[in-house]
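Please read all numbers here as calculations on a predicted model, not as lab measurements.
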Amino acid sequence: MGEQKPEKTKKHICAGLLAHVIAGETNTYNYQTILKAVDLINKGARLIATNSDLTGPSEQGIIPACRALVSPIELATGKTAYYVGKPNPLMMRTGLRLLGVHSHEAAMIGDRMDTDIVAGIETGLDTVLVLSGCTTRKDVENYAYRPHFILDGVGCIPPQA
């Protein structure tokens, strides 16, 4: 988790306190980190999180991801984090703009229905679900939306024609 000091502007002065608590995935998360984040947020800092993935794949199997780490802070403060990563449409539109492409020229490839695929659909991209991560073929049935394509893994993506 990182901290960002506020810019000194007329629009935003936070009396010397930190303006934001930024949370992401880390191996150094501990109870003291939670306590510090809760204290700062209770004093007015805003909670920003990098992504809303609850779990993620690892060599050990499925492990807690950003949303699981942010949850205790949200519960203790009563504040909801603003997630800047997928499926945030602002992040997706910014990415397309930086790449200089239109949504019909790009595709979203991911292993999660609840972040990757919904982000692609809501941004107007073709979507490709790869089954090498968290989502299984059976899990797809639990969602009201569907990816355009389902592949066993990224190695199954055909080369550009």
Side-chain angles (χ1 to χ4, degrees), residues 1-4 19-31 33-34 36-38 41 45-161:
M1 296 207 190
E3 302 165 354
Q4 179 187 28
H20 298 91
V21 172
I22 301 172
E25 294 173 20
T26 178
N27 292 329
T28 60
Y29 188 81
N30 60 43
Y31 190 64
T33 304
I34 296 169
K36 185 173 185 179
V38 167
I41 293 162
R46 293 181 181 99
L47 179 59
I48 308 292
T50 59
N51 65 74
S52 60
D53 291 351
L54 185 57
T55 60
S58 77
E59 291 180 9
Q60 298 97 356
I62 300 299
I63 60 171
C66 186
R67 193 169 91 209
L69 302 177
V70 171
S71 236
I73 299 165
E74 290 178 320
L75 291 169
T77 61
K79 305 290 183 185
T80 302
Y82 178 71
Y83 291 91
V84 295
K86 60 184 167 39
N88 185 320
L90 177 61
M91 184 208 74
M92 300 298 291
R93 287 191 301 270
T94 301
L96 289 170
R97 184 175 42 78
L98 289 172
L99 292 171
V101 298
H102 189 276
S103 58
H104 72 273
E105 299 172 300
M108 178 63 172
I109 301 168
D111 67 344
R112 298 187 67 96
M113 288 291 292
D114 60 342
T115 56
D116 303 322
I117 302 307
V118 74
I121 290 170
E122 291 180 353
T123 310
L125 301 170
D126 282 343
T127 55
V128 181
L129 175 67
V130 291
L131 301 175
S132 52
C134 294
T135 303
T136 66
R137 196 174 293 274
K138 185 166 176 44
D139 292 337
V140 174
E141 298 170 15
N142 297 326
Y143 296 88
Y145 51 89
R146 298 287 183 267
H148 291 92
F149 305 97
I150 299 176
L151 302 174
D152 288 333
V154 292
C156 299
I157 298 170
Q160 186 175 3

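- When the options Val21, Val70, Val84 are evaluated for a side chain to side chain contact (heavy atoms under 4.5 Å, CB included) with Ile48, the one that passes is Val84.
- In this structure, His20 NE2 and Ile41 CD1 are separated by 11.0 Å, a value rounded to the nearest 0.5 Å.
- Here the closest heavy-atom approach between residue Ile63 and residue Ser58 is recorded as CG2-OG, 3.4 Å.
- In this structure, Thr115 OG1 and Asn88 CG are separated by 12.0 Å, a value rounded to the nearest 0.5 Å.
- Here the straight-line distance linking atom CG of Leu125 with atom CD of Glu105 works out to 11.0 Å at 0.5 Å rounding.
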Give the C-alpha distance, both sets of side-chain angles, the deciding distance and a yes or no for side-chain contact (heavy atoms from CB on, under 4.5 Å) between Glu122 and Met92.
-> CA-CA 9 Å; Glu122 291 180 353; Met92 300 298 291; over 6 Å; no
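- Note that OG1 of Thr55 and CG of Asp114 are 7.5 Å apart. Values are rounded to the nearest 0.5 Å.
- Scanning both residues, Lys86 and Ser52, for their nearest heavy atoms gives O-OG, 3.7 Å.
- Taking all atoms of both residues into account, the shortest heavy-atom contact from Met91 to Gly85 is SD-CA, 3.6 Å.
- Contact check for Cys66 versus Asp53: no side-chain heavy atoms found under the 4.5 Å cut-off.
- Of the possible donor and acceptor atoms, none in the side chain of Arg67 sits under 3.5 Å from a partner among the backbone N and O of Ala49.
- Counting only residues at least two apart or in different chains, ring pair (Phe, Tyr, Trp, His ring centres under 6.0 Å) contacts with residues 93-129 comprise His102-His104.
- The two residues Val118 and Pro87 have their closest heavy-atom pair at CG1-CB, 3.7 Å.
- In this structure, the separation between NZ on Lys138 and CG on Leu131 is 14.0 Å, given to the nearest 0.5 Å.
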Donor-acceptor contacts, no H, no angles, side chain residues 144-157, under 3.5 Å, sequence neighbours left out:
residue	atom	partner	partner atom	Å
Tyr145	OH	Met113	O	2.8
Arg146	NH1	Val140	O	3.1
Arg146	NH1	Tyr143	O	2.3
His148	ND1	Thr127	N	2.8
His148	ND1	Thr127	OG1	3.1

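- Going from atom CG of Leu54 over to atom OG of Ser71 covers 7.0 Å, rounded to the nearest 0.5 Å.
- Summarising the geometry of Val38 relative to Ala76, their closest heavy-atom pair is CG2-CB, 3.7 Å, with the distance given to 0.1 Å.
- With hydrogens and angles disregarded, no donor-acceptor distance shorter than 3.5 Å links the side chain of Thr33 to the backbone of Tyr29.
- In terms of heavy atoms, Pro72 sits closest to Ile34 at CB-CD1, 4.4 Å.
- Formation of a donor-acceptor pair under 3.5 Å by the Thr135 side chain with backbone atoms of Asp111 is found in this model.
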